Amino acid sequence: MAEVRARLGSGCAQPGVVAVYGLGGVGKTSLTLEYAHRHQQEYQLIWQLPAADPAVLSAAFARLAALLGLRETVDAADPVDQVHAALAARTEPWLLIFDNAPEADALRPFLPPAGPGHVLITSRSGNWPREQGLELPVLEPEPGVELVLARSGQEDGAAAAAVVAELGALPLALEQAAAFMAETGLTPAEYLDLLDGRRTELLAQGKAWGYRERVTTTWRLSFQNLSRTSPQAIALLRVLACCSHEAIPYHLLLSPLEERTPRELFAADMRRQRAYGRTPRSTVRLLRDFHPWLSALAVLRELPRDALTINAAVSALRRHSLITQPVDGMVSVHRLVQAVTLDQLAPPEQQRWRDAAAVLLESVLPDDPWQAGSWPRYDHLLPHIMAVLTPVSPGMDKTGQYLGASGDYRTARSVFQEICDALTARLGPEHPSTLTARHELARWTGELGDAASARRQYAGLLPVRVRQAGPEHPLTLSVRHELARWAGELGDAASARGQYADLLPVRERVQGAEHPDTLTVRHELARWTGELGDAAAARDLYAELVPVRERVQGPDHPDTLTARANLAQWTGNAGDPVAARDQYAALLPVRSRVSGSEHPDTLVIRANLAQWTGQAGDPAAAREQYAALLPIRERVQGPEHPSTLINRHELARWTGELGDATAARDQYAELLVVRERVSGPEHPDTLTVRHELARWTGELGDPVAARDLYAELVPVRERVQGPDHPDTLTARANLAQWTGKAGDPGSARDQCAALLPVRERVLGPQHPSTLLTRHELARWTGELGDAASARDQYADLLVRRERRSGPEHPDTLTTRHNLAYWTGRAGDAGAARDQCAALLPVRERVLGPEHPDTLITRHNLAYWHGQAGDAAAARAEYAALLPVRERVSGPEHPDTLTVRHELARWTGELGDPVAARDLYAELLPVRERVQGPDHPDTLTARANLAYWTGKAGDARSARDQYAALLRVRERLLGPGHPSSRTTREQLAYWTARA
């Protein structure tokens, strides 16, 4: 209404003309009459003229001339000219409505050439000048639902919305449906059920108020006219009616007819059927099954076959608004036009047109659905494939492969489930084509995240393949390959590696050393070698594989890109996170270009880039990358897809690594509920979330709760995954860690001592986890009070680290760091200082000057300066470090707060207790807000504030502060904990001085 008003009132020309055109039943006449009703006070004259037939229109002009008193004066004059002259002479506005005009050329003689008026035209033809034509679309869904409910008197909005969608929101159809519901008392849900099974009969029922025709008759005249004047247009409409109501690439669909005869198209289709194993072995059955296809030859001959005849047919359909305006070789057909077009035909004839549409569609599907270049065509054709092709059509196999290759695993699985069911019913469960479909169904079931079902399906398929094809046939080997893969995905890395190791020589012998299938086995063997704990070997295997992939399959082949991705992953796992990050950063734009920016494989690259960005020392960037990736994962793969849950896991992890332990703990707590529901309470991924929830509970300042959570987790890990599984051993290591942090270093040391020989036996003495256990054993030996033994153990560990990883590996540098620390704790602060001074430039060069580990070394260098007696150097080092920490980690990160703590301490040690007291007074509320009032670091800050308050001369305040602190420490740690004892001693000291 607003657009009509704006165009008529634009003042560009007089009279103003607007031609409202569109599909029959869309509401063109209703719109123009409503306009006239709303604006009747603005016009002196409003007149509606039937414009479908020139003779009837001329007679209507004669009646208008008589009404205006013109026939009495000039009886012999042409009434059209009389009315035109009278309208031109008027000074007051007028409005003429020409209803149901055939097209612009037929109406042109009747349009008033002058006068202060407006002309509204309704027409089904879309052939109007651009400045005059205004296409009226169907209703939007919400007003469509309101219309159905208001007219029918019903209240079920959801069912009414389904009716609106099924009827394509065509106003006439909605009016008619609502009238039928009102007449019969049917609910929208009941009407929908009837519409699904008895559409033709139902569309002939119900009388739309104010409209003499029904859906089944409103386009009858158009069909009859086209059958007489343009049979090729009717033929085209029938093919389009077989397609989806989505935009149809009609030029593409008809293009095979320009190059080949219908008989040649049919022969090509038969070859496809044979290639996909769809042709029955029996000649009698072959003739029976494919006889209907032969009848499609006749209807294919009725279609336009070149650009000229195609455009003529499209133009004819546009004259009746039976299709939308063509755009880039695409048109749409309203779903009811499609329905009525086909419903006019007898069932055998309908099937002939569907068969013809299927032949055309099959002939334009690309033959390699794995190539990304073919995906845009599949994307355009997908709704029509699903509407036209049957599950046993070869094109459905290709479509399922396209869906999987492009990342839509869910729809791919659904398509192959339909294919499996149809082929099982038609050809039997062990027909080769059925087995191929079963293979694909298992594959996409696994890719969708159900590894257990995938392995079970492949296990059922293997004996059939062996029996039919033999144990070394490539099809059998493919099933063995998939069985090995999904065994690994279910957590059995040893079985996966063993199966791939057995499969590789068979592949090499049967298919050759550089066959893509052989290379895939090498790929998986490398992967599961790494998953079993040998990251360096996995890295080296991928480094050998990548150039072979590039040479054999090309640098942009998806398998080559996957090999590059795995090389990057195991490079990082082998101890070089910076190289891993850089390799992923180089790979991401290639993967995006080849597979698309939202393909699951591209999303995996983004996730791994985020992972190694964090591992390389930039947790803030890692968290931001995971946060940006999460909504894409949720939209593309679903909120509970395994990859989405992994993304949530990593987002929580790097949130914690950035210093926000509270948010990390809360995110893991929320994730645990989802993991337990989706994967089960004892699934390895669920247990990993429990592991991380325990960790960040501890990091938040509750080591006792962390210890208890790990104590609950360890026996579950042992029962579910086995006592020697790496994850079980990691849980034991973390139990030891938090046992020590909870105040029991003796138990922590003993647990590490018990764990070390198990790790050496299971993983080997040089495995990183084994060396980590040695690290922790040394640590808790030191924390138990034996600093000299800790120092000696770290010295022994350093030799092992350098031999395994090299002198500049981050783990080696960490060991040097700890050796320096325990050297100092063993009484040689000067040597500790010198070791830190030697370590700092190495860390700056290897990791960067602002890497967290580099900043820790700067921190310890400052500390040992102070311990060696140089308080001024310590304070100066900490003062220089503080702004760096604030910039890199944030002003409230725990590590930044630790620097503030030490700056305050050494300020006091340098002889300024008042400044030290004030610095601790500023630090304490930040510790309480960020880490919580009961966090150990907060309690340490309270203790130091009390100490320097006393040193500044206020013994009474120091006493009161220690008294309050003692109550908290005894509540949290117990009266016998060393920190409680120290606090009690300080309370006694300052009580005496108060």
Side-chain angles (χ1 to χ4, degrees), residues 271-286 289 370 390-394 396-398 400-401 404 412-448 450-490 492 494-513 515-525 528:
R271 287 193 294 272
R272 275 191 299 272
Q273 297 281 339
R274 191 175 297 112
Y276 278 80
R278 302 301 195 258
T279 54
R281 297 183 177 93
S282 165
T283 304
V284 173
R285 187 172 176 183
L286 177 65
D289 287 354
W370 292 97
T390 68
V392 298
S393 301
M396 286 297 281
D397 288 65
K398 292 191 285 187
Q401 290 164 349
R413 182 183 66 174
S414 176
V415 166
F416 276 109
Q417 183 66 68
E418 291 185 25
I419 294 171
C420 264
D421 293 343
L423 289 177
T424 299
R426 180 177 177 180
L427 303 174
E430 294 193 358
H431 187 279
S433 295
T434 308
L435 298 182
T436 298
R438 287 174 60 184
H439 186 105
E440 291 295 319
L441 175 61
R443 174 184 188 176
W444 300 116
T445 296
E447 294 291 358
L448 194 57
D450 190 351
S453 293
R455 184 178 64 174
R456 185 169 57 252
Q457 291 174 35
Y458 279 119
L461 186 57
L462 181 60
V464 185
R465 285 292 196 197
V466 171
R467 186 173 66 251
Q468 288 192 357
E472 293 195 350
H473 191 280
L475 293 174
T476 306
L477 301 183
S478 292
V479 178
R480 287 182 58 186
H481 175 103
E482 295 295 335
L483 269 175
R485 176 192 174 187
W486 295 110
E489 296 291 353
L490 279 170
D492 193 349
S495 176
R497 185 183 65 175
Q499 290 180 52
Y500 279 120
D502 293 340
L503 182 58
L504 181 58
V506 184
R507 281 284 197 195
E508 290 177 328
R509 183 176 67 254
V510 172
Q511 295 175 286
H515 189 279
D517 291 342
T518 306
L519 301 183
T520 300
V521 175
R522 289 180 59 184
H523 173 107
E524 293 295 329
L525 178 58
W528 295 108

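In this text the structure is predicted, and so the values were computed from the model without any measurement.
Residues that satisfy the side chain to side chain contact (heavy atoms under 4.5 Å, CB included) test with A469, not counting sequence neighbours, are H473, T476. Legend: residues meeting side chain to side chain contact (heavy atoms under 4.5 Å, CB included) with D517, ordered by chain and number and at least two apart, are R507, Q511, H515. For T520, the side-chain hydrogen bond (donor to acceptor under 3.5 Å, both in side chains) test picks out R549, with sequence neighbours left out. Applying the side-chain hydrogen bond (donor to acceptor under 3.5 Å, both in side chains) rule to Q499 yields the partners S495; only residues at least two apart in sequence or on another chain are considered. With sequence neighbours excluded, the residues that form a side chain to side chain contact (heavy atoms under 4.5 Å, CB included) with A454 are W486. Scanning for salt bridge (charged side-chain N to carboxylate O under 4.0 Å, His left out) contacts around E447 gives R485, with sequence neighbours left out. In this structure R443 satisfies the side-chain hydrogen bond (donor to acceptor under 3.5 Å, both in side chains) test with no other residue, sequence neighbours excluded. Residues satisfying the side chain to side chain contact (heavy atoms under 4.5 Å, CB included) criterion with P394, sequence neighbours excluded, are R272, Q273, Y276, R278, E362. Taking the salt bridge (charged side-chain N to carboxylate O under 4.0 Å, His left out) definition, one finds that E508 meets it with nothing, sequence neighbours left out. With sequence neighbours excluded, no residue forms a side-chain hydrogen bond (donor to acceptor under 3.5 Å, both in side chains) with S414.
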Query raised in the report: Is there a side chain to side chain contact (heavy atoms under 4.5 Å, CB included) between E524 and H481 once you walk through the steps?
Result: CA-CA 9 Å; E524 293 295 329; H481 175 103; 3.8 Å; yes
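In terms of modelled atom types and a separation under 3.5 Å, the side chain of T518 and the main chain of G512 share a donor-acceptor contact. Side chain of Y458 to main chain of H439: a donor-acceptor pair is present (N/O by atom type, distance under 3.5 Å, no hydrogens or angles).
Side-chain contact check for D421 and Q417: at least one donor-acceptor pair (N or O, by modelled atom type) lies under 3.5 Å. There is no side-chain donor-acceptor pair under 3.5 Å between T436 and S433.
For the salt bridge (Lys or Arg N to Asp or Glu O under 4.0 Å) condition, the pairs that include at least one residue of residues 450-468, sequence neighbours left out, are E430-R467.
Closest approach of D502 and V506 over heavy atoms only: O-CG2, 3.6 Å. When all heavy atoms are compared, the tightest approach of A412 to G404 is CB-N, 3.6 Å. P429 approaches T434 most closely through the heavy-atom pair O-CG2, 3.6 Å. Residues T445 and S453 come closest through the heavy atom pair CG2-CB, 3.8 Å.
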